[in-house]
Amino acid sequence: MSTQASATAVEEIHILWTSEGMSCDGDTVSVTAASLPSIEDVVLSAVPGIPKVHLHNKVLAYETGEDFLRPFFQAANGELGAPFIFVVEGSIPNENIHSDPDGFWTAMGNDPETGKPKTLNRWIDELAPKAWAVVAIGTCAAYGGIHAMAGNPTGCMGLVDYLGEDFRSAGGLPVINVPGCPVQPDNFMETLLWVLHQAAGLAPTIPLDDQLRPQWLFGKTVHEGCDRAAYYEQADFARDYNSPKCQVKIGCWGPVVNCNVTKRGWMDGVGGCPNVGGVCIGCTMPGFPDKFMPFMDEPPGGSLSSALLSVYGPFVRTMRSITNKTVNTEPKWRHPGEKLTTGYQPRYPRA
Ligand code: SF4
Ligand code: SF4
Ligand code: SF4
């Protein structure tokens, strides 16, 4: 996707991060495990070139109550004094569907004029257009996620559903989606780092795919990076969760899911669902969770592709096993006998 961003270099920036969407705070918790870079690296200016960052996240903040909320109100009033990145965690409920006019699904702080809870919807209405960039962290904020599944009473949706596809931030960017339930820690921090470098005038416009995800993070499937892919190719399938083999028959959706955790791991390169025994349930995807349920059943396309593989997989496996035995044996001429049996042909006969 091609977008045009502001060319003005930013020297100081706030990150206003709300997890008051329909959320479990799991993305905030996940990001505390990031190391490429870590949150500490960013807020302590250990990364060269980025603006000075002021982070406002309720789980990580030292301030509470009015003190914590002050920069949010200042930003909404255009009085923050520096640009800000608006990070939204959790899905966005529909506040227009109450039967009780005083009711609300989710709010953050009170409106000083009315004394009533200030809904997340109002915060988004006021902050998103003023933000240099708007980032949806986690699948709930990106696409609706678990809270937006069929049968939910809140009319939940993702941030783009709420703001509209034509939304552009003050920095000229659409909503940037970093999905995952929760988000992979370094995926979020790497995205944030790109946005910070872009704001500083040191990076081009962040490349996003048609689902507004960073292209370099979500361009490949789980299957393409999976430690178990060789088992799949040989039609060697796990029948229970204790097996190290391919898990497609016990519920893995990896072949059709855009996610990099099998390559990247989860913390410091370790983990990544199928690599460590968890079937992929498609948690990064716009169709999650409804289109992947029931979890742990064989995906509909899985039975077809595994049936096709079973035609040649066992044959290939047998042939490879024979070749493997052959190459596990040293060539026969390596011995201490009196004759040279390597097949060496001297150019000139010995005298
Ligand atoms: Fe929690 Fe998952 Fe939603 Fe993040 S995406 S808020 S981890 S339910
Ligand atoms: Fe593909 Fe899943 Fe099998 Fe890994 S476990 S090879 S992602 S189907
Ligand atoms: Fe989610 Fe699948 Fe990626 Fe695991 S491998 S994080 S379940 S999309």
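One is the number of the first residue; the rest follow in order along the sequence. Basis for what follows: all heavy atoms, side chains included, without hydrogens, waters or symmetry-related copies. Indexing begins at 1, ligand by ligand and atom by atom, following the structure's order.
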Are Trp105 and His98 near enough that their ring centres are under 6.0 Å apart? yes
Just jot down the ligand 1 atoms closer than 4.0 angstrom to any heavy atom of [X], in number order.
{"X": "Pro182", "answer": "7 (S)"}
{"X": "Ser23", "answer": "6 (S)"}
{"X": "Thr139", "answer": "5 (S)"}
{"X": "Cys140", "answer": "3 (Fe), 5 (S), 8 (S)"}

Considering Pro289, Ala148, Ala141, Cys181, which one's heavy-atom position lies nearest to atom 8 (S) of ligand 1? Cys181
What are the atoms of ligand 2, with element, lying closer than 4.0 Å to any heavy atom of [X]?
{"X": "Ala229", "value": "6 (S)"}
{"X": "Arg228", "value": "4 (Fe), 5 (S), 6 (S)"}
{"X": "Gln247", "value": "3 (Fe), 5 (S)"}
{"X": "Cys252", "value": "2 (Fe), 5 (S), 7 (S), 8 (S)"}
{"X": "Pro255", "value": "8 (S)"}
{"X": "Val248", "value": "8 (S)"}

Is it possible for you to check whether Lys249 lies under 6.0 Å from the centre of the six-membered ring of Phe237, through NZ or CZ, and within 45° of that ring's axis? yes
With a 4.0 Å cut-off, would you call [X] and [Y] a salt bridge?
{"X": "Glu233", "Y": "Arg228", "result": "no"}
{"X": "Arg334", "Y": "Glu330", "result": "yes"}
{"X": "Lys245", "Y": "Asp236", "result": "yes"}
{"X": "Asp125", "Y": "Arg122", "result": "no"}
{"X": "Lys58", "Y": "Glu89", "result": "no"}

How close do Ser91 and His147 get, heavy atom to heavy atom, and via which atoms? OG-CB, 3.2 Å
Checking a contact table here: which protein heavy atom is nearest [atom], and how many Å away?
{"atom": "atom 5 (S) of ligand 3", "result": "Val261 CG2, 3.6 Å"}
{"atom": "atom 6 (S) of ligand 3", "result": "Cys283 SG, 3.6 Å"}
{"atom": "atom 2 (Fe) of ligand 3", "result": "Cys280 SG, 2.4 Å"}
{"atom": "atom 1 (Fe) of ligand 2", "result": "His223 ND1, 2.1 Å"}
{"atom": "atom 4 (Fe) of ligand 1", "result": "Asp27 OD2, 2.1 Å"}
{"atom": "atom 3 (Fe) of ligand 2", "result": "Cys246 SG, 2.4 Å"}
{"atom": "atom 7 (S) of ligand 3", "result": "Ile281 N, 3.4 Å"}

Let me check your reading of the structure: within less than 2.8 Å of atom 4 (Fe) of ligand 1, is there an N/O/S atom from Glu89? no
By number and element, which atoms of ligand 3 are closer than 4.0 Å to a non-hydrogen atom of Cys273? 4 (Fe), 5 (S), 6 (S), 7 (S)
I'd like to check which ligand 3 atoms, numbered from 1 as shown, lie under 4.0 Å from a non-hydrogen atom of Val257. 8 (S)
Measuring from the heavy atoms of Gly180, does anything fall under 4.0 Å of ligand 1? yes
Classify the contact between Thr284 and ligand 3 as side chain, backbone, both or neither, using a heavy-atom distance cut-off of under 4.0 Å. both
Which of these, Trp253, Tyr231, Tyr232, sits in a ring-ring contact (aromatic ring centres under 6.0 Å, His included) with His223? Tyr232
In Phe73, Trp17, Phe86, the residue satisfying ring-ring contact (aromatic ring centres under 6.0 Å, His included) with Trp123 is Phe73
Is a side-chain donor-acceptor pair under 3.5 Å present for Asn57 with Thr28? yes
Between Ser19 and Asp25, a side-chain donor and acceptor under 3.5 Å: yes
Using the side chain to side chain contact (heavy atoms under 4.5 Å, CB included) rule, take Thr106 and Thr119 through it: C-alpha gap first, then chi angles, then the decisive distance, then the call. CA-CA 6 Å; Thr106 183; Thr119 63; over 6 Å; no
Yes or no on side chain to side chain contact (heavy atoms under 4.5 Å, CB included) for His54 and Ile15, after CA distance, side-chain angles and deciding distance? CA-CA 6 Å; His54 305 278; Ile15 297 174; over 6 Å; no
